[in-house]
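In what follows, a structure is listed as structure tokens, so that the remarks can point back to it.
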Amino acid sequence: MSDIPLDEAGARLVVDLGAVADNYRLLAGRAAGAECAAVVKADAYGLGLDAVVPALVAAGAHTFFVAHPFEARQVRAAAPEAVIYVLNGLAPGAAAALASAGARPVLGARDDIDEWAALCRARDQRLPAAIQVDTGMNRLGLAPDEARALAGDNRGALADFELALVMSHFVSSEVPGDPRNARQIAAFAAVREAFPAVPASLANSSGIFLPQKPFLDLVRPGYGLYGGNPTPDKANPMRPAVRLEARVVQVREVEAGASVGYNAQWTAKGRRRLAALSVGYADGFPRAAAGLDGRPGGHAMVAGARCPIVGRVSMDLLTIDVTDCPAVPQRGDMVALLGPDLGVDELAAAAGTIGYDILTRLGTRFARAHVGAAAGA
Ligand SMILES: *Cc1c(COP(=O)(O)O)cnc(C)c1O
């Protein structure tokens, strides 16, 4: 991770590891009876895997999911005892490297399975792996019938490795009323019968809040750990874990009719006071959160007041309207763009995307700090 001093950066990203740990405990408590793993792919959703993984281990996490083998190596360095699953399966020829990192592939097709089995035979070792079953996503995984056939084939590939987990993934668990949830739960239960002794996993963050409580043996939250709302139709039960603050570069007053930013997409209706902040789309701040004439965008929090973004978001700058702010911000002040009162889900909604997209794009130009008990700060 980059180590940029605050006085050399335009913005600061503060990650609250205490909140991540609290979120882990809340999710683990809700799913009590099942093991609570942690999904830390994409640099722990942009929060910094190297810092997040030890905080999660301290909170009780033992099993981690990543997307790629190099991420498994990062987790291994941060958590020597962890069980690590690689969700994207086995790329051709990748089995040996993955095994040497002590990681377990999530096998989703016959070719993956055969390669892992071949490695196990060559090493004369029954290495652990998971199998993914597709119950509706049509993305990765064996069809339920294929999985059942595999389970019934005693001399097949499954005999060569240790099947440590059978898993599937929800299509719309954040929409509790979606009938697909119940259909996937039923389809997965039928698959599970073919693997009676194998631990099973279905729920992501939102799955942990479904009324059916589909916790099984292991739950796999990601987003909720990082403060995202797994229950979008209800108040967020999670603690916010990121604060993004950008420096005020200039404050200016403009007259009615003045436009702001590229292509003059926002026009002052009266005399307005504006502040330019040193953060932009090159920092991962969504360009789609621009505030345009006839289409409001995102906000910043200044002295407890919500100040709208006005005009297009530039590469390294954006402008907010601070006219109605109780305190006039000064050059050098830090202004919040994400934080306890301005969540990732809210910014995502303003930008027409999801909070996952906001978090995982958080850029590399910030002065980053990890705070909270586990950070020792
Ligand atoms: C990313 C991912 C998760 C975590 O999902 P969240 O919605 O972030 O909790 C769980 N399982 C699989 C297969 C994933 O790809």
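The analysis underlying the following values was restricted to heavy atoms, covering all of them including side chains, and did not include hydrogens, waters or symmetry mates. Both counts, for ligands and for their atoms, begin at 1 and track the order of listing.
Close approach to Pro221 involves these atoms of ligand 1, each under 4.0 Å from a residue heavy atom: 9 (O). Close contacts of ligand 1 with Tyr223, meaning ligand atoms under 4.0 Å from a residue heavy atom, involve 6 (P), 8 (O), 9 (O).
Under 4.0 Å from ligand 1, the heavy atoms of Tyr356 that appear belong solely to its side chain. Heavy atoms from both the backbone and the side chain of Arg220 come within less than 4.0 Å of ligand 1.
Where the criterion is an N or O separation shorter than 3.5 Å, residue side chain and backbone included, Gly224 fails it with respect to ligand 1. Polar contact with ligand 1: absent for Ser206 (N/O pair, distance under 3.5 Å). Considering backbone and side-chain N/O of Gln132, none are found under 3.5 Å from N/O of ligand 1.
With respect to atom 9 (O) of ligand 1, the closest heavy atom belonging to the protein is Ser205 OG, 2.5 Å. Shortest contact from atom 2 (C) of ligand 1 to any protein heavy atom: Lys41 NZ, 2.5 Å. Looking from atom 5 (O) of ligand 1 to the surrounding protein, the closest heavy atom is Asn204 CB, 3.4 Å.
Counting only heavy atoms from C-beta outward, the side chains of Val52 and Tyr45 never approach each other to under 4.5 Å.
In the displayed structure, Arg239 atom CZ is contacted under 6.0 Å by more than 12 heavy atoms of other residues, nucleotides or ligands. Around the CZ atom of Arg252, the shell of radius 6.0 Å holds no more than 12 heavy atoms that belong to other residues, nucleotides or ligands.
For the pair Tyr45 and ligand 1, a heavy-atom separation below 4.0 Å is found.
Contact detail for His299 and Leu337: the closest heavy-atom pair is O-CD2, 3.9 Å. In this structure, Glu162 and Arg126 approach most closely via the heavy-atom pair CB-O, 3.7 Å.
One finds no salt bridge joining Lys41 and Glu71 here, because no Lys/Arg side-chain nitrogen approaches an Asp/Glu carboxylate oxygen to under 4.0 Å.
For the residue pair Asn23/Tyr223, the side-chain donor-acceptor check at 3.5 Å is not satisfied.
Both Leu87 and Ile84 sit in one connected hydrophobic cluster of ILVMFWY residues. Membership requires side-chain heavy atoms under 4.5 Å apart, directly or through other members.
Looking at His169, Glu174, Met137 and measuring to atom 13 (C) of ligand 1, the nearest heavy atom belongs to His169.
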